[in-house]
Amino acid sequence: MLPKISKFVFLLVLLLSNGLSKADDNAQDIMYRTIVYFYPSSHVVNNKTLEKYKREIEKHNLSTTNTDKASITMQLVSDIQAPDIEYLSYYGRGITKKQSEELQGTKLALIIDCTYPMDMQIDGLKLSNQIAYDIAKSHNGALWDTETRELFTPVAWENKRLSAWDIDTPIVEKHIVIHAYKTNEYVRAITLGMAKFGMPDIVVNDFSWSLNRSVESLIVLVSQSIVEGSRLSEDSSIEISIDSLAETNYKKRLQSSLIANARSEVDVLIGDAKWEEGDPDNYLIEILFDNVAGESVQIRQEVLLSSIFGWEDKVSYVKHNQLIEDASMRAKSKLKGLKSDFNLGLEPGEFIQVKAPFTTPDDGVEWMWVEVMEWKGDKIKGLLKNQPKHIPELKGGSVVTVKESEIFDYFRIYPDGSSEGNETGELILRYQML
């Protein structure tokens with residue numbers, strides 16, 4: 001049963017179903033703040049220069065209404081603190097350690113507030129990004145994006161923000177960030193930066209780390225679709241059509257990454273998102289999975305992601321030889337250390353999968369991967385990461401329990417994307433190809 005549409009989602013339906021109508025004089029203005037931090041050695045911007053930039057943006061009356069246009073306010077402050085060195089080690093874009101240290105010695109910054117109506121959604125953002133860049137480049141500053149909470153050098157800003165357009169279509173993923181973090185057993189992801197388009201930030205709850213990249217791809221696809229004008233229907237779903245996206249480099253990359261069985265159109269259900277500490281000061285929506293078949297949200301996530309991006313799950317029929325058995329023994333010798341690492345706590349984005357046997361209805365064995373969610377004694381609880389071929393009652397994403405003593409191999413992914421393990425898989429693939 002689909003969730004009843006809420007008052008909030010109903011208002012969002014009106015906003016998006018009107019396609020951000022240019023005739024809507026009541027559409028709320030978009031406000032976007034950028035802060036330019038000046039290094040101690042900077043040539044500080046003066047009032048005459050500020051007036052020049054103000055006139056430049058205010059002359060761009062790109063709105064189709066008679067009264068609304070882009071406006072800009074600038075305030076030079078001398079009592080502001082730049083983000084600290086530790087923060088910049090994670091969220092400094094192009095910022096060197098030396099630059100981070102220099103910024104700690106300044107309290108001088110220029111606060112730039114650009115306001116533009118909804119029908120300047122694209123041109124207003126492009127213009128405000130350009131103005132901030134010109135000031136930072138000319139006066140030796142670093143640019144703080146208040147929505148995504150990142151600090152850029154002018155070069156990094158140019159590469160990330162100013163190049164984020166294909167003609168007049170923004171590449172949304174270059175204007176936002178996605179933060180993912182663990183909550184209890186599962187992971188929550190949220191965008192920061194959609195407010196710059198006058199759009200809600202997007203949340204996905206209760207997925208596993210192994211789905212992180214796929215979930216991020218889904219979020220980016222929904223974000224791009226919304227900005228390009230996808231409508232929210234009365235049943236609070238958005239029709240996602242990759243083929244209908246503007247002809248951008250993003251679309252080309254996405255299409256080239258699709259694998260077998262990908263569908264060109266999928267309905268994505270949208271609902272209210274619960275605000276949590278640290279979330280952006282913007283209205284939030286959540287991608288739901290209640291319109292997809294499956295007993296649990298994790299199964300439904302697997303189904304929807306496979307529908308959009310495709311899936312491929314090959315079955316290998318190879319008799320185990322001595323080389324494969326030896327590789328399995330090496331894997332088993334590392335299980336104690338893996339168990340210890342898991343229970344001490346893995347890094348964000350890091351996960352472990354184990355290959356375990358599952359009995360088929362005809363008393364055969366199907367070996368499948370399980371992402372570890374809990375590891376106590378000889379019992380490992382986790383999410384099934386394969387789509388079973390011979391066990392109808394199981395689905396990819398099902399919660400299962402396996403025995404450590406029966407594990408055949410493991411696969412570990414680190415936060416930087418590097419991996420270890422799965423020696424048996426490489427050998428099985430080799431012998432299958434012979």
Side-chain angles (χ1 to χ4, degrees), residues 148 160 164 166 169-182 186-194 197 199-230 237-271 273 284-289 291-292 294 297-313 348-351 353 371 383 385-387 396-397 413-417 419:
T148 63
K160 187 75 170 179
D166 272 358
T169 302
I171 308 300
V172 177
E173 65 179 343
K174 292 188 176 183
H175 290 281
I176 65 174
V177 296
I178 300 173
H179 286 180
Y181 56 93
K182 196 167 185 181
Y186 296 107
V187 180
R188 179 180 190 258
I190 183 169
T191 64
L192 289 80
M194 289 295 288
F197 296 99
M199 293 295 171
D201 279 293
I202 299 172
V203 175
V204 175
N205 283 308
D206 298 328
F207 62 94
S208 64
W209 276 125
S210 65
L211 287 184
N212 189 39
R213 290 188 179 181
S214 296
V215 168
E216 286 191 356
S217 296
L218 172 63
I219 291 173
V220 169
L221 176 57
V222 172
S223 302
Q224 186 75 36
S225 300
I226 289 175
V227 170
E228 290 193 25
S230 289
S237 67
I238 295 177
E239 183 181 284
I240 301 299
S241 174
I242 295 174
D243 292 340
S244 298
L245 293 175
E247 296 300 324
T248 62
N249 287 329
Y250 164 72
K251 178 181 178 179
K252 294 174 184 176
R253 283 189 287 106
L254 178 58
Q255 288 179 322
S256 67
S257 69
L258 300 178
I259 55 178
N261 306 301
R263 292 169 54 187
S264 59
E265 293 184 358
V266 176
D267 288 334
V268 175
L269 191 66
I270 300 296
L284 306 178
I285 58 175
E286 180 179 352
I287 297 175
L288 303 174
F289 302 87
N291 60 337
V292 181
V297 66
Q298 288 75 35
I299 293 175
R300 296 192 291 270
Q301 288 167 351
E302 295 271 4
V303 171
L304 181 62
L305 292 169
S306 297
S307 296
I308 295 175
F309 304 117
W311 58 274
E312 192 174 46
D313 203 1
E350 183 178 4
F351 61 90
Q353 294 182 2
E371 183 173 353
L383 297 178
K385 302 310 295 182
N386 297 105
Q387 189 63 41
I413 293 286
Y414 293 95
D416 63 1
S419 64

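Taken to the nearest 0.5 Å, the OG1 atom of T148 stands 10.0 Å off from the CD1 atom of I176. Put simply, CG on L304 and CG on N291 are 7.0 Å apart, with the number rounded to the nearest 0.5 Å. Separation of atoms OG (S223) and CG (L218) is listed at 9.0 Å; rounding is to 0.5 Å. To the nearest 0.5 Å, atom OG of residue S214 and atom CD1 of residue I219 are 11.0 Å apart. Annotation: the span from L221 atom CG to K251 atom NZ amounts to 11.5 Å, rounded to 0.5 Å. Taking OH from Y181 and CH2 from W209, the interatomic distance works out to 10.5 Å, rounded to the nearest 0.5 Å.
Taking 4.0 Å as the cut-off between side-chain N and carboxylate O, R253 and E173 count as a salt-bridged pair.
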For M194 and V227, run side chain to side chain contact (heavy atoms under 4.5 Å, CB included): C-alpha distance rounded to whole Å, both residues' side-chain angles, the deciding distance at 0.1 Å, then the answer.
CA-CA 9 Å; M194 289 295 288; V227 170; 4.0 Å; yes
Let's go through V220 and I178 carefully: what are the C-alpha distance in whole Å and the side-chain angles of both, what is the deciding distance for side chain to side chain contact (heavy atoms under 4.5 Å, CB included) to 0.1 Å, and is it a yes or a no?
CA-CA 9 Å; V220 169; I178 300 173; 3.9 Å; yes
Show your reasoning for whether side chain to side chain contact (heavy atoms under 4.5 Å, CB included) applies to V203 and I287.
CA-CA 6 Å; V203 175; I287 297 175; over 6 Å; no
As a quick check of understanding, evaluate side chain to side chain contact (heavy atoms under 4.5 Å, CB included) for N212 and F207, giving each step before the final call.
CA-CA 8 Å; N212 189 39; F207 62 94; 3.8 Å; yes
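Residues G397 and L383 come closest through the heavy atom pair O-CD2, 3.5 Å. The shortest non-hydrogen separation linking L258 to I308 is CD2-O, 3.8 Å. Shortest non-hydrogen contact noted between Q224 and L245 is CG-CD2, 4.3 Å. Considering all non-hydrogen atoms of both residues, S230 and I238 come closest at CB-CG2, 3.8 Å. Of all non-hydrogen atoms in S264 and D243, the two that sit nearest each other are CB-OD2, 3.4 Å. When every heavy atom of I413 is checked against every heavy atom of E350, the shortest pair comes out as O-CG, 3.1 Å.
Contact of the K174 side chain with the Y250 side chain is not registered, since no non-hydrogen atoms from C-beta on lie closer than 4.5 Å. S208 has its side chain within reach of L211: a pair of non-hydrogen atoms, C-beta onward, lies under 4.5 Å apart. Using a 4.5 Å heavy-atom cutoff, the side chains of I226 and I285 are in contact. Side-chain contact check for S217 versus F309: some heavy-atom pair is nearer than 4.5 Å.
S257 places a side-chain N or O within 3.5 Å of a backbone atom of L254 that can act as its donor or acceptor partner. Using a distance-only test at 3.5 Å, with no hydrogens or angles considered, a donor-acceptor pair links the side chain of T191 to the main chain of I202. No donor-acceptor pair under 3.5 Å is formed between the side chain of E228 and the backbone N or O of P170. Without hydrogens or angle criteria, Q387 side chain to G396 main chain gives a donor-acceptor distance under 3.5 Å. E371 places a side-chain N or O within 3.5 Å of a backbone atom of S210 that can act as its donor or acceptor partner. At distances below 3.5 Å, not a single donor-acceptor pair connects side-chain atoms of K252 with backbone N or O atoms of E247.
Partners of E239 under the salt bridge (Lys or Arg N to Asp or Glu O under 4.0 Å) rule, at least two apart in sequence or in another chain, do not exist in this structure. Every side-chain contact (heavy atoms from CB on, under 4.5 Å) that V297 has, sequence neighbours left out, goes to D206, F289, R300, Q301.
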